Protein chains: 2
Amino acid sequence: MTSPERPESAPVAARSGVRAARAAMSGRPAGSRPTSRDVASAAGVSQATVSLVLGDKWRGRVSERTAGLVREAARELGYRPNLAARSLRLGRTRTALLVVPAMTSEFFARVYAGAAKVAAEHGFGVVLYPSPEGIGPARDPFDSARTALDGVIASSMAAGALAPIRGSDLPLVMLDSDPGEPGPAAHVNLDIADGVRRLTEHLLGLGHRRFLHVAADVDSWTFVVRARAWADALAGVPGAELRTVRAALGVDSGREAAEQALRAPGPRPTALVCDDDFLAAGACKAAHRLGLRIPDDVSVTGFDGLTLATALEPELTTLALPAEQVGARGMAALLAVLEGRPPETGDLPVSLAVRGSTAAPRPA
Amino acid sequence: MTSPERPESAPVAARSGVRAARAAMSGRPAGSRPTSRDVASAAGVSQATVSLVLGDKWRGRVSERTAGLVREAARELGYRPNLAARSLRLGRTRTALLVVPAMTSEFFARVYAGAAKVAAEHGFGVVLYPSPEGIGPARDPFDSARTALDGVIASSMAAGALAPIRGSDLPLVMLDSDPGEPGPAAHVNLDIADGVRRLTEHLLGLGHRRFLHVAADVDSWTFVVRARAWADALAGVPGAELRTVRAALGVDSGREAAEQALRAPGPRPTALVCDDDFLAAGACKAAHRLGLRIPDDVSVTGFDGLTLATALEPELTTLALPAEQVGARGMAALLAVLEGRPPETGDLPVSLAVRGSTAAPRPA
DNA sequence: CGTCGGAAGTTATACGTAACACCTAGGGAG
DNA sequence: CTCCCTAGGTGTTACGTATAACTTCCGACG
C-alpha cells in the first residue's frame, strides 16, 4: 500500500529523464532527501530492483538496460542511501572507533590520517573516541561513541584503559602495544628495538659513552619498550654508561628533568637520548640554560620524528616513526579481521634521521 | 506477532532481577545486543513504555515504580539504544561534521577537541571530513561522510571549497572565515585585528620600525585578515615601514623566504612578524644561518600560540589563539541553530604572549 | 447512577534499506 | 503438448526505535 499523498506514479513515464525524476519526488516534504523508492518510481521499477542495482548485486538478475535506467534515475535525483537505514538493516555500520590518548599530538593525528585514508578507500569511516587530554584511563567509550561500531583500533593506550572495549566483543586492533597482551584480533607494532640499536650505533660511532635517557614517566607500552631498547642496546658495550631520568610528557618537564640531571655531580653525560621530540626540545633548552652548546658540548636525540624536530635549531636527530603507516596498517588489519582474512603481521621499520643535534663529543 | 524463537516471556517474572533479564534474552543469537523489547519483557512492560522511560518522556504517563523497574532492567541487561534505529526513526543523527584543512595541525586538532567536548555534553558526536592534507578545494564531503549529518562546522576553509555543503541545505557554521560571506547560519571569529594591534604596540614600544611580514601564501580568509591587520596597525605610524614576503606553509619555506628577505640590500628589518608559529620557526632558522641572534639582532613573532612556540629557544612571542574555544563556540552555535535559538555572537579575544624572541633592537 | 476524565499503559505504525522467497513469460528439451 | 529452466523481475519482511492513537481502570462529580 502506498500512502495517499504519494500516488503510484505510472512506471510508463520512465524514459523522460529529469521530468520523471521530479515527478517521482512530488508530494514529498520539501527538505527531504530522495529514497530508493523515489528512484524506483522514477526509473519505473520496484524498490527491490533499485537496491539490487545500486548494491552491485544485479548480475544475472537485472537486465543491463534496466540497470542503466536505475543508475541514471539515481543520478538525476541525487540519491544517497540513508546510512542509518542501511546500518539498521545490515547490523553493520562500516565505522571504526579510533582510541588515542590525545588527538592534539601530531603523532596521533597522523595515525588518524593514515587510518582514515585506508578506511575511506574501503567505504569505511573512522570516529574518534573523544578522550580527555593526556594518556590515562578512558571512560566507557560506548557511552559517548556516536555510532554503532564494527571494530576498534586502540593506539598506545595503557593496558587497563581498554577494559570496557574488551567486554564488548568487538574486534580490536592494538597499535604500538604489548604484543603479549591477549585479546586483540591483531597487533601493529614498530621495530623500536632495531631503531634504537641503529641510533645507539650512530652515537657510539661518534664517540659517546655517557648516555642520559630522558624517559617519559607515563604508563604506556611504547615507553616501556623504549627504555628496554636503550638498556639492551648499551648492554655489554665496554665503557658505556646509561643513566635514566624520568619526566612527564611535555617540553617543560623535559627541560626540568634534563637540567637537574646535567647539574648533578660527577661526569656529565654527553648524549641526551629522549623519549620523544618534545622532551628533546626541553633537553635542548636545559642545555642552553647551562651554557652548553648543541651539539658541541652535548648531543641530543628525539623520538617520533615530528615537525618539531626540524623546527628546532639545530634540527633534531631523531627516530622517525611512520605514524601514517601505523594507522593505515591498523585499519587494514581491522578490515582483514572483519572479512575473516588473516591480518598482515611483522613490525614496521622506523627510520633514523641524523641531523644537527648530534656530533662527536669534545674530548674532555 | 512475536517470532517463534522469542516466546512472549511471561511478564509475571518481572521481579526477579538478573534471572528475568537473562530469560528475556534467551533464544537470541549470541553476539547480539539487547533491544528495547528485551528490556521490556524483562521488566514486564511493553516496548513503548521502555522507550518512554528511557527517553525521559514518562512524566505523568508511567508510574514511578514502573519507571524504576524499566531502568533496572536496562541496567541489568546493559542495554544501549541502537543509534541507527533511532536516527532512522527521528531523521536526525545528533552528529556534526567538522571540516578542517588538516587535522595534523595542532591548531585544528584543538578546534576539534573543543567542539567534541561541547558536543559530548549535549549527546552529540563530531565526525571529521577526511580531507587530504593541505588547505585546498575539498572533494564532495557527502561522498565520504560516514553518517547522515545534522549540521556542518567548517574552519578556515577557502571560500570555494564549501560549495557542496552550501548545496546541501544543512545548517552551516563557519569558523575564522569571512563574516561577509552569506549563507552560514552563524560565524565564529577571532578579534585578530585587536591582537595584532597589541602586538604591534609591543614591538613599537621596544623601538622597532622596520617590519617584515612573513605572510602565508595560502588562499584562506584568516591570512587575508592577518595581512590587513598588520597594514592597518602600522598605517600612519611615523617612520614605520612594513615589507611583506610570501611563503608557503611550513618551517622550510618560512626559512627560505625570511633568509632571502634578510639578505636583500637596504636597511635590514628588525622585526620578523610571521603568519604562524611554524613560519616563525623558519624565520628563526634563517636568522641563525645569517649569524643574527634572536632577539638581540632581530625580533621574531609567531601566530597561533602552539606548543612549538614554547619549544623553541628562545621561546616565541606570539598571538595565542583560543583554538578550543573556537571549536567549542562553533559547536555551541550549531546546537543553537538546530534548536532554533539565536547563536551567540561577538569575536573571541586573542591573547598576546610576550616571550624571549622579542626585545629592543640594537641601535644601528 | 451515569459519565467524565485523568493515570497508566498498550497497540500499531513508519522511518529506508537489503535480501529472501516468490512470480511470470518465453523457450528448449523430451 | 507438457514440463522445466532461466532470465528478469516484484512483493514482503525485518532491522529497533519513537510516538500518535487507542484502551482500560478507577475515582470523583453532577
Side-chain angles (χ1 to χ4, degrees), chain A residues 1-6 8 11 14 25 28-29 32-41 43-70 74 77 79-94 147-148, chain B residues 1-6 8 11 14 25 28-29 32-41 43-70 74 77 79-94 147-148:
Chain A
M1 286 315 138
T2 320
S3 60
E5 68 278 13
R6 202 195 309 174
E8 286 274 9
M25 287 282 294
R28 302 289 309 285
S32 72
R33 296 162 67 81
T35 73
S36 61
R37 218 174 300 266
D38 297 319
V39 174
S41 67
V45 299
S46 75
Q47 181 269 335
T49 303
V50 172
S51 185
L52 285 174
V53 171
L54 299 182
D56 227 36
K57 297 192 162 39
W58 57 284
R59 284 147 235 284
R61 325 230 327 113
V62 176
S63 72
E64 200 83 44
R65 206 181 66 90
T66 306
L69 257 58
V70 168
L77 288 173
Y79 169 73
R80 309 273 166 182
N82 180 318
L83 296 177
R86 177 179 287 174
S87 295
L88 176 58
R89 175 70 234 252
L90 295 178
R92 286 169 292 118
T93 55
R94 299 187 85 76
T147 326
Chain B
M1 286 318 136
T2 319
S3 59
E5 68 275 16
R6 203 196 307 173
E8 286 275 8
M25 289 281 296
R28 304 287 310 283
S32 73
R33 295 160 69 79
T35 73
S36 60
R37 219 174 298 268
D38 296 320
V39 175
S41 67
V45 299
S46 74
Q47 180 267 334
T49 303
V50 172
S51 185
L52 286 173
V53 171
L54 300 182
D56 227 36
K57 296 193 164 36
W58 57 282
R59 285 147 234 285
R61 326 226 329 110
V62 176
S63 71
E64 201 83 43
R65 207 182 66 89
T66 306
L69 255 59
V70 168
L77 289 172
Y79 168 73
R80 307 277 165 177
N82 180 318
L83 296 177
R86 176 178 288 176
S87 296
L88 176 58
R89 174 71 230 253
L90 296 178
R92 287 169 293 119
T93 54
R94 299 186 85 76
T147 326

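If you're wondering where the values come from, they're calculated on a predicted model, not measured in any experiment. A, B, ... follow the sequence lines: proteins, then strands. Residue 1 opens every chain. What you see below is based on every heavy atom in this structure, not just the backbone, and it leaves out hydrogens, waters and symmetry mates.
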Taking the side chain of B:A48 as its heavy atoms from C-beta onward, which of C:dT10, D:dG16, C:dA19 lies nearest to it? C:dT10
Selection from D:dT19, C:dT10, D:dT12 that lies nearest to any side-chain heavy atom of B:V45: C:dT10
Shortest side-chain distance from A:P81, nucleotide among D:dT10, C:dT17, D:dT17: C:dT17
Rounded to whole Å, how long is the line connecting atom CH2 of A:W58 with atom P of C:dC20? 19 Å
With respect to the side chain of A:L90, which nucleotide from D:dT17, D:dG9, C:dA19 is positioned closest? C:dA19
In whole Å, what is the span from the CZ atom of B:R86 to the C1' atom of D:dT19? 13 Å
A:L83 CG to C:dG16 P, straight-line distance once rounded to whole Å: 13 Å
Might you work through the side-chain contact (heavy atoms from CB on, under 4.5 Å) test for A:L54 and A:Y79, ending with a clear yes or no? CA-CA 10 Å; A:L54 299 182; A:Y79 169 73; 3.5 Å; yes
Please state how far atom NZ in B:K57 lies from atom P in C:dT10, giving the value in whole angstrom units. 19 Å
What integer distance in Å separates B:R59:CZ from C:dG9:P? 15 Å
If only side-chain N and O atoms of B:S36 are considered, is one of them under 4.0 Å from the OP1 or OP2 phosphate oxygen of D:dT17? yes
Rounded to the Å, how far apart are A:R37 CZ and D:dT10 C1'? 12 Å
Less than 4.0 angstrom between a side-chain N/O of A:S63 and OP1 or OP2 of D:dA7, yes or no? no
Would you kindly compare B:L88 and B:T66 by the position of their nearest DNA chain C nucleotide and give the one closer to the 5′ end? B:T66
Looking at every heavy atom in both A:Q47 and A:A40, which two are closest together, and how far apart are they? N-CB, 3.6 Å
Does A:V45 reach the side chain of A:T66, with side-chain heavy atoms less than 4.5 Å apart? yes
What nucleic acid atoms does A:R61 come within less than 4.0 Å of, heavy atoms only: base, sugar-phosphate, or nothing? base
Quick one: are A:N82 and A:T35 in side-chain contact, heavy atoms under 4.5 Å? no
Whichever of B:R92 and A:S46 has the more 5' nearest nucleotide on DNA chain D, that residue is A:S46
For B:S51, report the nucleic acid contact type (base, sugar-phosphate, nothing); a contact means any heavy atom under 4.0 Å. base
Given side chains that start at C-beta, do those of B:R37 and B:S41 come closer than 4.5 Å, heavy atoms only? no
Could you state the CZ-P distance from B:R94 to D:dT17, rounded to the nearest angstrom? 16 Å
Out of D:dT19, D:dT10, D:dG16, whichever nucleotide has its closest atom nearest the side chain of A:L52: D:dT10
Within this structure, what is the CG-to-C1' distance between B:N82 and C:dT17, rounded to whole angstrom? 14 Å
